[in-house]
Each structure stands twice: as structure tokens, then as C-alpha cells.
Amino acid sequence: MDAQSYSTALADLRTVRDQIKKTRAVLAKQEVDRDKLIIRLASYEKAKAERIAPAAGLGVADVVALAPRLAPDSLAANDIPQPSVTEPPAAQASTAPAPLPPQQAATAAPAMTTASARPDAPDASAEPTAKETPTAPYNPRELPSIPEGSSGDAWFTHTAGLASTRPNFTQQARSTVFLDTATGVLVHRDQTHHLDLADRSAAAILTAVFHTIPDGVERIYITAGDPWHRDADRHPYLRDAVAAWLNAPVPGWRTDTGRGRDRMAGHFIHARNPVGRYQRDNGEQHAEIRSVGEWFDVDGDDPATVRDAFVLLWQALRRHWNDAVLMGSPSQTGRDLWTRTIPTRGQHAEGFPVLSEDLRGLLHATAGQGRNELLTPPRVPEQLPQLVEYDRTFAYAKHTWKSPVGSPRRITAATFAAWSEKEQMRALYGCGHWQVKVTVPDTWNHVGLLPAPAPGDRAWHYPAQPGTTFTTWAGGPEIHTALTNPLTPWKVEILDGILWDDGKPLDDWARKLKDTWTNLSAQAHFQGNPQQARAAHLASRAVRSILLYGIGSFAQRPRMVTGTTPRAMERDVPPEAEIIGFDDELITWQKPTGFTRDPNAHPEWSAAIWSAARAALLTQRHRDDDTYAGALHTPAGTVIAFRTDALYLTQPHNWPHHHQPGDYLRKGHLTGPLTAPTTEEELLTLRDAGRTALTRDGGQA
């Protein structure tokens, strides 16, 4: 490209930018009009959210948020309906709450099913892609409780005949290729090909790949080009474009329905990293089209470098698992590797039993993941002196040394109150999940400490207003932080709880992954060949994903099924379904189908790690340096945002970083004055600019 072409392209880019701004303005106005119509429809005496939702292209929860009177009669007036069909019913605790010790308690035809989501999809650190919902009055959802009496006691069992055991088979590797759909470059083993992908449809990709490699392949990783976004301008949301791309006809192929031990069946609709699963009409060949973005972020890396990263990753894992196989996603790979660390002798040689479905449902509804919160004016200054990003290195790996094992025990308020102070503190130090009533101190002027339910499925916020009282569920690490934080202890009353024995079911697995990560990170640092250094860096990021998403897969959320219904038959959309896309002909929806009999479902492990990670964002001790790091060790008003394992501040801190899991790494630094971000998009724009600035200035990133 010469200078003239560069200037012309810049002018074209500005034109596109202006068109996008105009389109967004029109869309915003249309959404306001839509919301007004919904509110108007809600005034009709016989109006039902289930009828209005598909007509509006929204989920039932979104409609009820706008018009609370449409909430089903079976729910509380201020409760927003949830899509999960496995959530246990709420029940009021009949026993009085147990206060903590005074010194710590200070202050048509059926819709045709066309696809099914994979049950191993992580939710951990994926970029939010859903549209923003209209601002509505704060109506927090009510979290479930454990029923009183024998019905609640029945929850504290394991599912009969279901336990995690060491596999007695070896995973089979699948023939894999790496394809850049923008350039048509295909890498297969040590060969490079150039393909004509025509319209970049799934049909064109499968045809070109299988023509080039007659023996066939089973997995096609897309390294660049995002072909599922090719018609994004024709759809209101990216998910709509992805669904249309996945469900388009592919001559000679049909949607894969799964086979053998692989329960992954159907397409997985995700705005950024979808999965297309296909099989020949004769059933003899199967192929997946996946995004390599599931494993790591690609920054202009060619398919050969990505292939080298996967080779290095496999070689590094083989040092610890002689039967290691890279599966389709990091979550599948992580969980498979974990099963191969289950002991063959000793206490857990018979495996790890799976909790009752009731307790799994309770944990699903009450144990959130990473903390994602943006603090806006007036809680922070409108003009920021600077924005500094701190990211906890390989964060979750620091919190796998202790996890719940054994039979869960119910700890009622009365039982907790009868214990001595020492017994109470030992319980809170242990592996537990607690229902608590919390009061923010009257003198509090910092960030919130404990998650509270907010409107929307699995949505959480962190109350910080002095005097606020709320009821929630939280893990022991967060409860401990609230009681012993370095500023002012919060008042916490125990209403109910679940307590397990302390164990180490994940320790060996995580230790091996940490060693693999350390090895690959060292290769990336000392490798003289730039391409191999980059490949080693990508491989180290993949190890992070294996652990991160492997932990997420233990949570085993209720399975989601995706389907379509003709627009002319919108009344036939299942009433419990959420609308996720639509066009002139079809409505695309998804609905939960409950829990599968998954022998590796251990939401208690995920919940414990997530709780510990959220607590470490607030305060974390560095023993070797005799110092602390985290949000509570910053001045009030200087925390701008939390984002899973990252912290955004208005001033830098000299926190120790020894390249160990959990250390705070300064990853971005942007000098001001800066207008405080008020949306996630604005925060991410500042984040990217800060990372670029720090790298340019020779900082840690």
C-alpha cells in the first residue's frame, strides 16, 4: 500500500465510522420506541409477557423488567423470572439468624430444534456480547433457599451411581487444520495451501478443505477472518448473524448429532467463538468448524504460528500426561486432563461423587463467577488523572490448593450460633457456601465487598451504600474478607450454610498446568526465533484457558437447547424460551433442558475458586514481601472497575510481581486527564489504549 492508497483508506474508514454512529443512533431510538410499545401493551388487562417477548425480540425477563406487572403470579412481585428450570424453589428460613461474635459483627407444530449448546461452555472470562437492556427500576431477583425439614435434608446427598472416576480409555487425536478465511491460507501438518473460499460460507469452507485434503479432516480452526460475521450488517446483533451462518444449508452435510463418548452435538451459537458441527449425509465423516479464539487471542498471527503453538502446547502437556490429547475446546481438554489425575489408590480411588441435583441447582443459582463492575460518577471523579490496569497473573491457579470434598453438611443458623467462636471461624475458613444477611457499615466509603442478586439471570452487583442491608449467598473467602477487611468490619449474620471437608482434588492437576505454563512462558522469553517465541507465548495463554475454562466446566450449568420457529408461528415459541435472534423468516430461541448426568459435575469446586478469586481482588497478602495488594489497599474513590481478574485504578501502586500465579501485573497505563468511562465499551477502549501506551513506553505489558 502506498501513501495515496493509505490516505484513501483512512477516508473510507472515517465514512464507515460516521455511518456506524448514525445507525446506532437510529437503533437507539427504535429501542426506545419498542420499550414504549411494550409498556403500552402491558396496560392491557390480559397482556402476557410470553406473548409480547417474541413479538419484541426480547426474552421474557427483559419484558418483565420493563413491565413488572406482567411477572407470573407464582413469583414474588419484585422477582424477575429466570430461564433455569433447575433452580430450587425459594423458602423462608424459619430459624433465627445466628449473629457472629460481637467483635466480628461490628456494626403451532412444535418448534423445530436445530441446534444444541455444548454443556462445557465456560462463562468465566468471555467478553459480554449481549445487547444492553433498557434501564429499569431495581428489582433484585430472589435467591433460592434450602427447604426446612426432611425435604431440605434430602438435598444433602450424592446422586446415586454418579461419580468422577479415572478413565480407562485413551482419547483419540483428531486430524486438524488451521485456516485463515481472510487470505485463504490453510496449514495442514507441515504443508501450506491456498484455498478459494468463495463466499466464506460453511459450505464453501467444507468444500474447499475436503477438496484440498481428500482424506478429510475432523477439526477446522479458523485463525482469522471470522466468516460467521460476513453478513453482520444484515442482522441487528452478532448472534443473529452467527446463527444464520451456522444454520445455512450445506449440500451433502447435516448438523452433527454426536457419536460415541463425544456428547457434543449440534451447533454452538456464540457471538465471537461459535462451533459448527457437521456430518456427511451418509454419516461417514464428521467435521467441526471452530474459532481458535477459544484458546487465545490471535493478533495477526498466521496459521503456521498458530499450528506451532498447538504443537508446543501438546508437547509441554505430554511431559506430565503421557496420554494427553488436545480436544476441541480448552474446557474439554482441561476436564479430560483432570480425570487423568484422579488417584488409583487411597482415599478417593473410588472417585468423587456428584452432588444431588438440588444442591447443584442451588450452587448454579447462587454462586457467581468473576466480578465485573464499572464504577461511574459520582462514585468516581468525572475526570480521571490516569487509568492503570492491574491483571492478576494466571489468577485462578492460585486458588486450587483447597477444594470441598466428602458429604456436604447443612449448618443451620441455630447450629452455627451454638458453636464457639473458634468453631465458627474454623467453619468460615473451611470450604463452605453460606446464606447471609449483610449490613454495610454506616461509615463505609469504599467498594462493595459481597455480591448481591440484581435483575437478570445470574446478574450480580456489589452494594456499598452505608446502611444497606441485603440477603445473599457467598463463599467463605468473601465472608472472611467482609469480617476482617483492613478498613471496617461488616455486619454478617449466618442464615444457613453448606460445609464440606477440605480436600485437594484439583491440586495435582493445577500443579501440572502451572508447571506447563511456567515452561512455555520461559520459552517465550528466551526463544531466539521470533515465530517460535510467539508460538510459545500463545501456547502459554492456551494453558491459562485450559485451567480457567476447565474450572468453569465443573460448574455444569443446565444444558441449553437452541431452536427456530417461523415468524408466522411466533405463538409456538416455547414460553420458557429466550429469544436470541430473528430475521424476516425465523425466530431463533434457546431454552434450558436441565442438568445432564455428568459424572464430572462439581459446581462446589468452581464456586469455591470463584469466591477466593473475587476476595483476592479486594485483598491479597504477599507473605514473602510482607505486604498486601488489592482494591481495599487503595484510597477510596480510586477504583474504576473490576473485570474478572483485573482491577482498574486512577493511580499506580508498587505491588510485588514475581511472575507467580495471582501476582498483580501492571498491564496498562494511560495518563490523563481522562473522561471517566460510563459504559463497558468506553472502558475497553481506554484499556486497549492503556496497554498500547505501556508497551510503547517499555512497561510491564
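A donor-acceptor pair under 3.5 Å is formed between the side chain of Asp180 and the backbone N or O of Thr183. In this structure, the side chain of Ser164 engages the main chain of Pro599 through a donor-acceptor pair within 3.5 Å. Although no hydrogens or angles enter the test, the distance criterion places a donor-acceptor pair under 3.5 Å between the side chain of Thr181 and the main chain of Ala224. The backbone N or O of Phe554 lies less than 3.5 Å from no partner atom in the side chain of Trp605, so there is not a single donor-acceptor pair. One N or O on the side chain of Gln332 and one on the backbone of Ser329 form a donor-acceptor pair closer than 3.5 Å. Judged by distance alone, the side chain of Trp509 and the main-chain N or O of Gly334 form a donor-acceptor pair under 3.5 Å. Between the side chain of His229 and the backbone N or O of Ala271 there is at least one donor-acceptor pair closer than 3.5 Å. In this structure a side-chain-to-backbone donor-acceptor pair under 3.5 Å is missing from Thr305 to Ala535.
With contacts defined as side-chain heavy-atom distances shorter than 4.5 Å, the pair Val242/His270 does not qualify. A 4.5 Å side-chain heavy-atom check between Arg335 and Met327 finds every atom pair outside the cut-off. In this structure, Thr333 and Trp295 have side chains that are in contact, with non-hydrogen atoms separated by less than 4.5 Å. Under the 4.5 Å side-chain criterion, counting only non-hydrogen atoms from C-beta, Arg277 is in contact with Arg290. Considering only heavy atoms from C-beta on, Arg643 comes within 4.5 Å of Leu684 through its side chain. At least one side-chain heavy atom of Asn372 sits less than 4.5 Å from a side-chain heavy atom of Thr644. Considering only heavy atoms from C-beta on, Leu317 comes within 4.5 Å of Leu326 through its side chain. Contact annotation: the side chain of Ile546 approaches that of Leu313 to within less than 4.5 Å [non-hydrogen atoms, C-beta and beyond].
Here the OG-CG distance, from Ser291 to Asn273, works out to 4.0 Å after rounding to the nearest 0.5 Å. Atom OG1 of residue Thr516 and atom CZ of residue Arg544 lie 16.0 Å apart, to the nearest 0.5 angstrom. The line from OG1 of Thr212 to CG of Leu195 is 4.5 Å long, rounded to the nearest 0.5 Å. Note that the OG1 atom of Thr223 and the CG atom of Leu179 stand 6.5 Å from one another [nearest 0.5 Å]. Interatomic distance, OG1 of Thr341 versus CZ of Arg166, reported as 7.0 Å (0.5 Å rounding). In this structure, the separation between CG on Leu37 and CD on Gln30 is 11.5 Å, given to the nearest 0.5 Å.
Of all heavy-atom pairs spanning Tyr549 and Pro330, the tightest one is CD1-CG, 3.5 Å. Minimum interatomic distance between Ala539 and Leu312 (heavy atoms only, all atoms of both residues): CB-CB, 4.3 Å. Closest approach of Arg200 and Pro227 over heavy atoms only: O-CB, 3.4 Å. Of all the heavy atoms in Gln285 and Asp215, the pair that sits closest is NE2-O, 4.3 Å. Minimum heavy-atom separation, Ala202 to Trp245: N-CZ2, 3.4 Å. Of all heavy-atom pairs spanning Thr165 and Gly351, the tightest one is CG2-CA, 4.2 Å.
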Where do Arg254 and Gln279 land on the side chain to side chain contact (heavy atoms under 4.5 Å, CB included) test, with the steps shown first? CA-CA 6 Å; Arg254 63 176 184 267; Gln279 66 180 113; 3.4 Å; yes
Given Val185 and Asp302, is the side chain to side chain contact (heavy atoms under 4.5 Å, CB included) satisfied, shown in steps? CA-CA 8 Å; Val185 173; Asp302 58 48; over 6 Å; no
Please assess Tyr221 against Val306 for the test side chain to side chain contact (heavy atoms under 4.5 Å, CB included), listing each intermediate value before the final yes or no. CA-CA 9 Å; Tyr221 277 120; Val306 174; 5.9 Å; no
Any chance you could lay out the side chain to side chain contact (heavy atoms under 4.5 Å, CB included) test for Ser175 and His188, step after step, and finish with the verdict? CA-CA 9 Å; Ser175 176; His188 177 227; 3.9 Å; yes
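Asp336 is linked by a salt bridge (Lys or Arg N to Asp or Glu O under 4.0 Å) to Arg340, counting only residues two or more places apart in sequence or in another chain.
Other residues, nucleotides and ligands place no more than 12 heavy atoms under 6.0 Å from the CG atom of Asp196. In this structure, Asp33 places its CG atom where more than 12 heavy-atom neighbours from other residues, nucleotides or ligands lie under 6.0 Å away. Dense packing is recorded around CG of Asn282, with more than 12 heavy atoms of other residues, nucleotides or ligands lying under 6.0 Å away. At most 12 non-hydrogen atoms from other residues, nucleotides or ligands lie less than 6.0 angstrom from CZ of Arg189.
A salt bridge does not link Asp598 with Arg360: none of the charged nitrogens is closer than 4.0 Å to a carboxylate oxygen. Under a 4.0 Å N-O distance rule, the pair Arg230/Asp199 qualifies as a salt bridge.
Note on ring orientation: taking the six-membered ring where Trp is involved, the planes of Phe178 and Phe310 are tilted (angle from 30° to 60°). Under the 30°/60° scheme for interplanar angles, the aromatic rings of His267 and Tyr278 are found to be tilted. Using cut-offs of 30° and 60° for the angle between ring planes, the Trp338 and His602 rings count as perpendicular.
For the residue pair Gln532/Asp308, the side-chain donor-acceptor check at 3.5 Å is satisfied.
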